[in-house]
Amino acid sequence: MSGAAAPLITVVIPAYNAERTLAETLRSVSAQSYDKLEILVVDDGSRDGTFELASDYGLSDRRIRVLRQNNGGVARARNHGIREARGPYIAPVDADDVWHPEKIERQLQALRTLPGGHGVVYNWYAAIDENGIIFGHSRPVLHDGNIFEPLLRENFIGNGSTPLMPRAEILRCGGYDAGLRDNGAEGCEDLKLYLALAEILPFALVPDFLTGYRFTRGNMSSNAYRMLKSHSLVMAPIIARYPQLARDIRAAQFNTARWYFNKALLGADYAQVGKLTPMMAKKYIPQLIRHGMQQGWRQTKRQGIRMARHVLGKPARPTKRFAAEIPQAGTAFSDRFTTVPAEQAISPTSSRTAGHE
């Protein structure tokens, strides 16, 4: 790893009208076992008590600085924090998401496995509701190294609160694209940055569910139609640069649309279903038919294999196991860990009550 053995990590928290969830986010950041942190809360023109809450929290944790700007969207807020950052690595987290207390420590350990100790680190996430209760999780993929093409096919990082990224390369890539919001397509700024970084840097994986990614009605990730427009705008120039990947990218666009449609349907979000249905019918009828046939064939094949093994007296195939505990629906994300005592924090050079120069 370039730089000091225990580098300063800058946590960037964009916050807009976030007084209901920001305190929980800040608690999860303050409780990190790696405590050499600079914590920047960027108030994006909030009209509630976000600024006051963050400022008050900073009285008990001197690592926190609160920045303010006129409302410009999450990309501009993140970029503001990155410009102000003192640390060589950036760890963004949205103001309604939470972290496992060992997230940064374990990401730094993974970073050291990359050539020269330099690159990007990600982990898996648990999907949580308004009350912090788990209702799903990311697919536990095992991509590392050059992940550009796998990431085109599937945004397996999945949110803006997971990666640990080098500040210099973020700036070289232009940061988060605020122009998507200006075009009414806010939502995939994080994916666009991850793809840009994946073209020039290796990625490492921490194979555990260390991010609690909150889904609530009305938050950006729940606005399916806008997210799909954002995804299309992000992918268009990539198709132009890599025409040989166009088929994979279009398959990813279909899978993204299908994921949002199923999410809206299962969540009884009929307003979103009403918006997505005509778009799906217009753009994806062949893909829907093919997908339905493939799913039917796979289900029939699985049932046939199970029946054959039963008839032949063979035991069922063991399910794939991971070292990480799979998040259980209906449990609290906070139940996955216990608070790390302050005396176990690994950084020998910092303190929660002292600023960093």
d(I326 CD1, I134 CD1) to nearest 0.5 Å is 10.5 Å
Can you check whether Y242 and F148 have ring centres sitting under 6.0 Å from each other?
yes
d(L164 CG, Y122 OH) to nearest 0.5 Å is 14.0 Å
Linking I/L/V/M/F/W/Y whenever any side-chain heavy atoms sit under 4.5 Å apart, do L37 and L59 land together? no
Open item on the list: As a quick check of understanding, evaluate salt bridge (Lys or Arg N to Asp or Glu O under 4.0 Å) for D94 and R78, giving each step before the final call.
Closed with: CA-CA 9 Å; D94 289 344; R78 288 171 177 161; 3.0 Å; yes
Salt bridge (Lys or Arg N to Asp or Glu O under 4.0 Å) filter on K192, not counting sequence neighbours, yields D177
Across all chains, not counting sequence neighbours, the salt bridge (Lys or Arg N to Asp or Glu O under 4.0 Å) partners of D97 are none
Donor-acceptor contact below 3.5 Å, side chain S30 vs main chain R27 = no
Within a radius of less than 6.0 Å around CZ of R65, do more than 12 heavy atoms belonging to other residues, nucleotides or ligands occur?
yes
Check: G45 main-chain N/O paired with N71 side-chain donor or acceptor under 3.5 Å: no
TODO: Show the numbers, then the answer: is there a side-chain contact (heavy atoms from CB on, under 4.5 Å) between N123 and H100?
DONE: CA-CA 11 Å; N123 52 260; H100 186 287; over 6 Å; no
Sequence neighbours excluded, the answer for salt bridge (Lys or Arg N to Asp or Glu O under 4.0 Å) partners of E19 is none
R258 and N255 side chains, donor-acceptor separation under 3.5 Å = yes
Exercise for review: Measure from NZ or CZ of R336 to the centre of the six-membered ring of F209, then state whether that distance is under 6.0 Å and the direction lies within 45° of the axis.
Suggested key: no
message = Can you tell me if R241 has over 12 outside heavy atoms packed within less than 6.0 Å of its CZ?
response = yes
Looking only at heavy atoms, the pair that brings F333 and V98 closest together is CD2-CG2, 3.6 Å
Is there a donor-acceptor contact under 3.5 Å linking the side chains of T211 and S161?
no
Give me the ring orientation class for Y89 and H118: parallel if the planes are under 30° apart, tilted from 30 to 60°, perpendicular past 60°.
perpendicular
Closer than 3.5 angstrom, by distance alone: can the side chain of E105 be matched with the main-chain N or O of S33 as a donor-acceptor pair? no
| query | Can you check side-chain contact (heavy atoms from CB on, under 4.5 Å) on I147 and Y194, steps first, answer last? | reply | CA-CA 10 Å; I147 68 160; Y194 304 159; over 6 Å; no
